[in-house]
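All remarks here apply to the structure that follows.
Note that the structure is predicted; figures quoted are calculated from it, not measured.
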Amino acid sequence: MLKTYKSSFKQNITPVNSDQYVPEVELKEYLKINDSICEVDSKAENGMTFSRLLNYKYSDTLKKMDPDHLVALVTEVIPNYSCLVFCPTKKNCENVAEMICTFLSKEYMKHKEKEKQEVIKNLKNISSGNLCPVLKRTIPLGVAYHHSGLTSDERKLLEEAYSTGVLCLLTCTSTLAAGVNLPARRVILRAPYVAKEFLKRNQYKQMIGRAGRAGIDSVGESILILQEKDKQQVLDLISRPLENCYSHLVQESTKGIQTLFLSLVGLKIATNLHDIYHFMSGTFFGVQQKILLKEKSLWEITVESLRYLIEKGLLQKDTILTEKGHMQKDALYEFKEEFQYSFHITKLGRASFKGTIDLAYCDILYRDLKKGLEGLVLESLLHLIYLTTPYDMAFQRDPDWMIYFRQFSQLSPAEQNAAALVGVSENYIGKKASGQAIKKKVDKNIVNRLYLSFILYTLLKETNIWNVSEKFNMPRGYVQNLLTAAATFSSCVLHFCEELEEFWVYRALLVELTKKLTYCVKAELIPLMEVTGVLEGRAKQLYNGGYKSLAHLANADPEVLIRTIDHLSRRQAKQIVSSAKMLLHEKAEALQEEVEELLRLPSDFPGIVASPSVKA
């Protein structure tokens, strides 16, 4: 068996042609202290050697605006080469981008001027004519910021513009280092901090790893800007080894070990205590148990997690048999190797498992849905949206009470009734907005979650992230993330309800709500947006051009589409028509199967004699 595996492995190895060889890029690490640039040198006594002094004429105004000499550092490489500037916070990204552009000469505007205007035009197209004022000022100079406050479409456009050299400088947060492959000739770390936390070695290496583009550059540079007060910490940072990687399986218990156990039992991979423990021993956590577990053993952690699932009503403990066959009860916590336990998943457990619900919230979700059955307000979507607003996002941001009160006062009587049913009154919000003391206790999570429901409800009515972002004074990227999370959670709640017969009434409602949250457009555009490559802007163009259904697109002529729809390439037109045909064909096949099933003679129809093979 081993020989066969080795042989197969060798046959699948593709030799690399010498013409395809991409040479390694040399990465040079530098530290900047005041005007001095020092190269990181592990052989030097203090870990660095002096390289050069910054030679850039600074006016008094520029010194005040740019004490870290960022303008000097970036103008050494842009616009001919690319540069990334990592900043500690999102706001700092925007400020640094604007500050750099303030001192760049107008000559930078001439570099790929037409392409930059095209980027601005595309940003407006995907944002219903809106454009961030900061980007409006910085893009003409080849500069932009990049962080989670932007929508995903904006980030994608800026990344493409940077990758093609239209933009030569991005100011960004540390998330870009891990999430996107955007290399640069020079990477500058604005400070050795992420927010208020000092950099870890792993984070530092991840950021500077963006420097140097294989196959394009022969060298890459990283420059970490530091103050005298941070010098010793930075020297320790650049010399220490990478942090060890540890399992978080137990730290995130409801998303980790307990969800794992529920899946093991639900999939029948392991249904008794011995097998579950054996499985745990083979995990990364099990391998690291001697390092990670100080107070409890892996056995105790396993037993406690199973007890939690039983107490939550997600698992049930079956009768226990000893090796001698004698029945034992309630001996779960006295287990020794002579006992054998088995578990089976409950209806609630299966619903949570199928819906991939965080086990910390599964019982709360069940109670909320149960309470909703007593008086679900269907005159508007607000009550249903509240039920599908992600629980974990309620902790992330406190409401703006004045905005909350303003939105609450604009609710219709039916919508106010929905708010009252979940446990939030206008009187309470009014007192919070005016800063009055409140004696009555109200669940903060419910209040925060209803506020997020208001944002989602407004978004579904207006379908414009920019307007909603301004109305609630929240970053548009956060609003989009909330919408995406709500669409995902709505689908999870739908699968949860499909496993529990008592919640049958929610099923049809949640199918439609999930679609609304997924596409967040006017109802007539949803069928068009099911087609691959059709986003909101394109769907509006198609609808206004007379293509109002999937059948219209499936029967369209790509050449006619190109002439009818602005900025539509031949490749895109063919892709849209092909995707629409495939989708229409799939829907027709599904309906055909239903028809055949409906017309098929039942196997238990009276008078039909089963064949001998069936009897056997």
Side-chain angles (χ1 to χ4, degrees), residues 348 351-352 355 357-358 360-433 436 438-462 468 471-472 482-483 485-487 489-494 496-498 500-514 516-517:
L348 179 61
S352 303
I357 305 294
D358 186 338
Y361 308 116
C362 61
D363 51 347
I364 303 171
L365 174 63
Y366 181 84
R367 286 199 301 270
D368 284 348
L369 292 171
K370 193 79 173 172
K371 188 177 179 182
L373 290 178
E374 297 170 9
L376 187 63
V377 179
L378 294 175
E379 289 180 56
S380 80
L381 283 173
L382 181 61
H383 199 172
L384 202 59
I385 288 171
Y386 171 80
L387 293 173
T388 56
T389 300
Y391 290 95
D392 54 350
M393 292 195 78
F395 303 104
Q396 296 177 12
R397 190 178 288 265
D398 287 327
D400 181 315
W401 296 107
M402 286 304 297
I403 293 174
Y404 204 161
F405 181 68
R406 196 181 309 129
Q407 292 297 316
F408 210 111
S409 61
Q410 293 172 8
L411 295 178
S412 68
E415 290 161 352
Q416 288 193 355
N417 183 32
L421 283 170
V422 303
V424 183
S425 67
E426 185 176 6
N427 182 46
Y428 173 82
I429 303 300
K431 286 183 176 179
K432 291 291 285 185
Q436 296 180 41
I438 300 171
K439 294 180 180 178
K440 184 182 176 182
K441 283 189 176 182
V442 177
D443 191 328
K444 182 183 176 183
N445 294 330
I446 292 175
V447 175
N448 288 11
R449 196 161 165 247
L450 183 64
Y451 185 65
L452 297 182
S453 304
F454 280 9
I455 297 171
L456 292 167
Y457 184 47
T458 308
L459 196 52
L460 288 188
K461 287 194 293 184
E462 298 190 11
V468 176
K471 188 172 284 187
F472 286 89
L482 172 63
L483 179 65
F489 189 60
S490 179
S491 177
C492 292
V493 176
L494 171 60
F496 182 87
C497 292
E498 284 174 343
L500 297 169
E501 190 60 36
E502 61 199 292
F503 295 143
W504 64 270
V505 71
Y506 286 114
R507 294 172 196 169
L509 297 171
L510 289 173
V511 167
E512 291 306 311
L513 180 63
T514 302
K516 288 177 182 290
L517 290 168

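- Side-chain contact check for L382 versus V377: every heavy-atom pair is 4.5 Å or farther apart.
- Annotation for Q396: atom CD counts as buried by contact number, over 12 foreign heavy atoms lying within 6.0 Å.
- Every residue meeting the salt bridge (Lys or Arg N to Asp or Glu O under 4.0 Å) condition with E501, not counting sequence neighbours, appears here in chain and number order: R507.
- Taking the side chain as every heavy atom from C-beta outward, L381 and K516 approach each other to under 4.5 Å.
- Between S453 and T389, the side chains place a donor N or O and an acceptor N or O closer than 3.5 Å (distance only, hydrogens not considered).
- Contacts of Y451 classified as ring pair (Phe, Tyr, Trp, His ring centres under 6.0 Å), with partners at least two apart in sequence or in another chain: Y404, F472.
- Using a cut-off of 4.0 Å between Lys/Arg side-chain N and Asp/Glu carboxylate O, D368 and R449 are scored as salt-bridged.
- The structure places OG of S490 at 4.5 Å from CG of L513, a figure rounded to the nearest 0.5 Å.
- Atom NZ in K461 sits 8.0 Å away from atom OG in S380 (nearest 0.5 Å).
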Trace of the side-chain contact (heavy atoms from CB on, under 4.5 Å) decision for I438 with Y428: CA-CA 8 Å; I438 300 171; Y428 173 82; 3.6 Å; yes
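- Residue-environment remark: NZ (K444) stays at or below the threshold of 12 foreign heavy atoms within 6.0 Å.
- No side-chain heavy atom of L456 sits under 4.5 Å from any side-chain heavy atom of T388.
- Expressed to the nearest 0.5 Å, how far CD1 of I385 lies from CD1 of I455 amounts to 11.5 Å.
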Full working for side-chain contact (heavy atoms from CB on, under 4.5 Å) between N445 and I364: CA-CA 11 Å; N445 294 330; I364 303 171; over 6 Å; no
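- E502 pairs by the salt bridge (Lys or Arg N to Asp or Glu O under 4.0 Å) definition with K370, not counting sequence neighbours.
- In this structure, the separation between CG on L387 and CG on L376 is 6.5 Å, given to the nearest 0.5 Å.
- Looking at L500 and L369, their side chains never come closer than 4.5 Å, going by heavy atoms from C-beta outward.
- Under the ring pair (Phe, Tyr, Trp, His ring centres under 6.0 Å) criterion, Y506 pairs with F503, sequence neighbours left out.
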Candidate pair L384 and Y457, rule side-chain contact (heavy atoms from CB on, under 4.5 Å), full reasoning: CA-CA 10 Å; L384 202 59; Y457 184 47; over 6 Å; no
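- In this structure, the side chains of I357 and Y391 stay at 4.5 Å or more apart for every pair of heavy atoms.
- Atom-to-atom distance recorded for Q410:CD and Q416:CD is 11.0 Å, nearest 0.5 angstrom.
- In this structure, D358 CG and F489 CZ are separated by 9.0 Å, a value rounded to the nearest 0.5 Å.
- For the salt bridge (Lys or Arg N to Asp or Glu O under 4.0 Å) test, no residue two or more places apart in sequence or in another chain qualifies with R397.
- Qualifying salt bridge (Lys or Arg N to Asp or Glu O under 4.0 Å) partners for K471, counting only residues two or more places apart in sequence or in other chains: E462.
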